[in-house]
Amino acid sequence: MNTPTDSTDRSNAKMRIKHHALDCVMCGICVPHCPTFALSHNEADGPRGRISLALGLASGTLALDAGVVAHLDGCLTCHACESVCPSLVNYGELIDEVRDALAHDEFASATANTRPRAAFKRWIWLRHHVLSQRQFFGAVWTALSLLDRLKVTDMIRRFGGRTGQILPPVLPRRFRPNGRIGTAPAPEATTKTVGLFIGCTGEALNSDAVRASIKVLNALGYAVEIPTDQVCCGAMHQHGGDISEATRLRAANRTAFADRNLSAIVVIGTACASELQREQNNVPFVEITDFLAQVPDDQWPQLQPIPARVAIHLPCSQTRVLKQPRSTERLLQRVPELNLVPLANNDRCCGAAGMHVLMYPDQADALRAPKLDEIEQLDPDFLVSANIGCATHIAVGLGSPVLHPVELIARAIPTH
């Protein structure tokens, strides 16, 4: 579904909110599946309650205040409700529209105090100038890596507030994209070219996954192009009350990957893939674990065994938006001697949810706690997650790294 791109479109937001809200028959089937309701046991913190609040605001029958905003803003957009809804309510679009309307003071009695947290100045600044700026984020990462060598990052983690607390236990080395990378080493393989979307974290937090992705794609016969003018996928903006900017960023990425004779655009990160797939593109955006899982057997080199137990965390964006709950498992089944154990509570959001981990730290940590308990009981050799936000959030709690699935595949690729 296309989203608003200008103020004229935004003026119809109330109509769209009411349209989505009126699809709900208030059956309540979704309520026990909502992770935030499970924390508070407050109906207003569940999808049915939030839909009622949104309908009241859009209809003008509910007065806007900070309490109403808090209930609406606490949603993780994990789509658990959509996955069980018999009426097929498009809840994700509804909550995005509500936050956009709140951020732009579209409702009666709106004030600066009734905007979602993502529309506060400090979070807008962080989103626009740091988190969504890949090269600047990479430069910050270079500085952090230097401080890490000087043994200063532990102090940043301790005294740097929530931003310092979410630094992963191990800082990967920065990756610097450089156009087209590699061709097929195997003479029998047909060389094709894929674009690689590395996201805002591709030079920093997720750099190890980028290197692993290039290695695996090259080994399968794909040359890789990484356009340096690719930009943020827009997910932080889409869910943070800035739909027009999210739409602009998606358009910029279409342009960045256009006219390159690509067979696919492979995306590292399930949340990025979910966002980029919102609109049709001549060349499809495909999340990397799903792309690799579909590569035919005869195109794979003989992978080396890894005798290890691997716990699989499944991000909400992978299972409920992309609807690919088996991609990671199918991919890792190619590696001999891996013992794969999906987490029993994969149906619950880990609490990261993009910028929510920063804006709602107590909620994020409470939702992560059951996962940490299960992982500690399993005591796996490796834990994998296909979303960098989830992986970092869980890694901080564990005090040990969480890998992207493609990193294990890269380890199993024979070296020549």
Side-chain angles (χ1 to χ4, degrees), residues 168 170 172-173 175 181-194 196-198 201-202 205-224 226 263-264 266-270 273 286-315 318 324-343 346 375 378-388 390-392 394-395 398 400-416:
V170 177
R173 180 170 50 91
F175 171 82
I181 304 172
T183 55
E188 67 275 11
T190 301
T191 301
K192 298 179 181 179
T193 303
V194 295
L196 189 64
F197 183 86
I198 64 176
T201 59
L205 277 169
N206 217 21
S207 56
D208 285 346
V210 174
R211 293 186 185 90
S213 299
I214 295 168
K215 178 180 178 180
V216 174
L217 289 166
N218 285 171
L220 291 171
Y222 293 96
V224 177
I226 306 178
S263 56
V266 183
V267 181
I268 304 175
T270 56
V286 188
E287 190 271 325
I288 191 164
T289 59
D290 193 61
F291 179 83
L292 295 176
Q294 296 184 54
V295 172
D297 293 345
D298 59 2
Q299 293 184 23
W300 280 88
Q302 182 65 45
L303 298 182
Q304 297 174 339
I306 301 178
R309 191 180 198 203
V310 179
I312 298 175
H313 168 263
L314 295 179
Q318 186 176 28
Q324 296 164 356
R326 298 257 359 259
S327 295
T328 293
E329 190 171 359
R330 285 172 51 215
L331 174 61
L332 293 179
Q333 283 172 344
R334 294 189 176 277
V335 181
E337 299 186 29
L338 277 187
N339 177 17
L340 305 177
V341 185
L343 297 181
N346 271 329
I375 294 163
L378 287 172
D379 192 25
D381 299 292
F382 300 102
L383 173 66
V384 298
S385 177
N387 180 276
I388 186 57
C390 302
T392 303
I394 294 172
L398 291 175
S400 59
V402 177
L403 305 182
H404 191 288
V406 76
E407 293 181 63
L408 280 182
I409 297 294
R411 294 185 186 197
I413 296 284
T415 55
H416 300 284

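Just so we're clear, the structure is a prediction, and the values are computed from it rather than from any experiment. The figures here come from the full heavy-atom set of this structure, side chains too, leaving out hydrogens, waters and symmetry mates.
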> Taking only residues two or more places apart in sequence or in another chain, which ones pass side chain to side chain donor-acceptor pair (under 3.5 Å) with His313?
Replying inline: Ser385
> Can you tell if the side chain of Leu408 reaches within under 4.5 Å of the side chain of Phe382, non-hydrogen atoms only?
Replying inline: yes
> So do Gln318 and Pro325 actually touch side chain to side chain, heavy atoms under 4.5 Å?
Replying inline: no
>> Do Leu205 and Pro172 make a side-chain contact, defined as non-hydrogen atoms from C-beta onward lying under 4.5 Å apart?
In response: no
>> Go through it in stages, so that I can follow the logic: the residues are Asn218 and Val224, the test is side chain to side chain contact (heavy atoms under 4.5 Å, CB included), and I'd like the CA-CA distance, side-chain angles, deciding distance and then a yes or no.
In response: CA-CA 7 Å; Asn218 285 171; Val224 177; 3.7 Å; yes
>> Out of the candidates Leu292, Ile226, Ile288, only one should pair with Ser213 under the side-chain contact (heavy atoms from CB on, under 4.5 Å) rule; please name it.
In response: Ile288
>> Nearest 0.5 Å, please: how far is CG in Leu343 from CG in Leu383?
In response: 6.0 Å
> salt bridge (charged side-chain N to carboxylate O under 4.0 Å, His left out): which pairs involve residues 206-219, sequence neighbours left out?
Replying inline: Asp208-Arg211
> Which atoms form the tightest heavy-atom contact between Ala273 and Val267, and what is the distance?
Replying inline: N-CG1, 3.5 Å
>> Applying side chain to side chain donor-acceptor pair (under 3.5 Å), can you list everything that pairs with Thr270, at least two apart in sequence or on another chain?
In response: Ser317, Asn387
> Would you call Ile306 and Asp381 a side-chain contact if the rule is heavy atoms closer than 4.5 Å?
Replying inline: no
>> Under the rule for side chain to side chain contact (heavy atoms under 4.5 Å, CB included), what residues qualify as partners of Gln294, not counting sequence neighbours?
In response: Asp290, Arg330
> Who pairs with Val341 by side chain to side chain contact (heavy atoms under 4.5 Å, CB included), at least two apart in sequence or on another chain?
Replying inline: Arg309, Asn339, Leu378
> Taking only residues two or more places apart in sequence, or in another chain, which ones meet Ser263 in a side chain to side chain contact (heavy atoms under 4.5 Å, CB included)?
Replying inline: Lys192, Val194, Tyr222
> So, for Leu220 and Gln299, which heavy atoms are closest and what is the spacing to 0.1 Å?
Replying inline: CD2-O, 3.4 Å
> Where do Thr328 and Pro405 come nearest, in terms of heavy atoms and distance?
Replying inline: CG2-CG, 3.6 Å
> What are the two closest non-hydrogen atoms of Gln302 and Pro414, and how far apart are they?
Replying inline: O-CG, 3.1 Å
>> Nearest 0.5 angstrom please: Leu303 CG to Ile413 CD1, how far?
In response: 5.0 Å
> Any side-chain heavy atom of Thr289 within less than 4.5 Å of one from Val406?
Replying inline: no
> Residues two or more places apart in sequence or in another chain: which of them pass salt bridge (Lys or Arg N to Asp or Glu O under 4.0 Å) with Glu329?
Replying inline: Arg326
>> Please enumerate all residues that pass side chain to side chain contact (heavy atoms under 4.5 Å, CB included) together with Pro305, with sequence neighbours excluded.
In response: Pro336, Glu337
> Under a 4.5 Å cut-off applied to non-hydrogen side-chain atoms, are Leu331 and Phe291 in contact?
Replying inline: no
> Which residue, Val384, Ile312, Val335, forms the side-chain contact (heavy atoms from CB on, under 4.5 Å) with Leu340?
Replying inline: Ile312
> Can you name the residues that form a salt bridge (Lys or Arg N to Asp or Glu O under 4.0 Å) with Asp297, not counting sequence neighbours?
Replying inline: Arg334
> So do Trp300 and Val295 actually touch side chain to side chain, heavy atoms under 4.5 Å?
Replying inline: yes
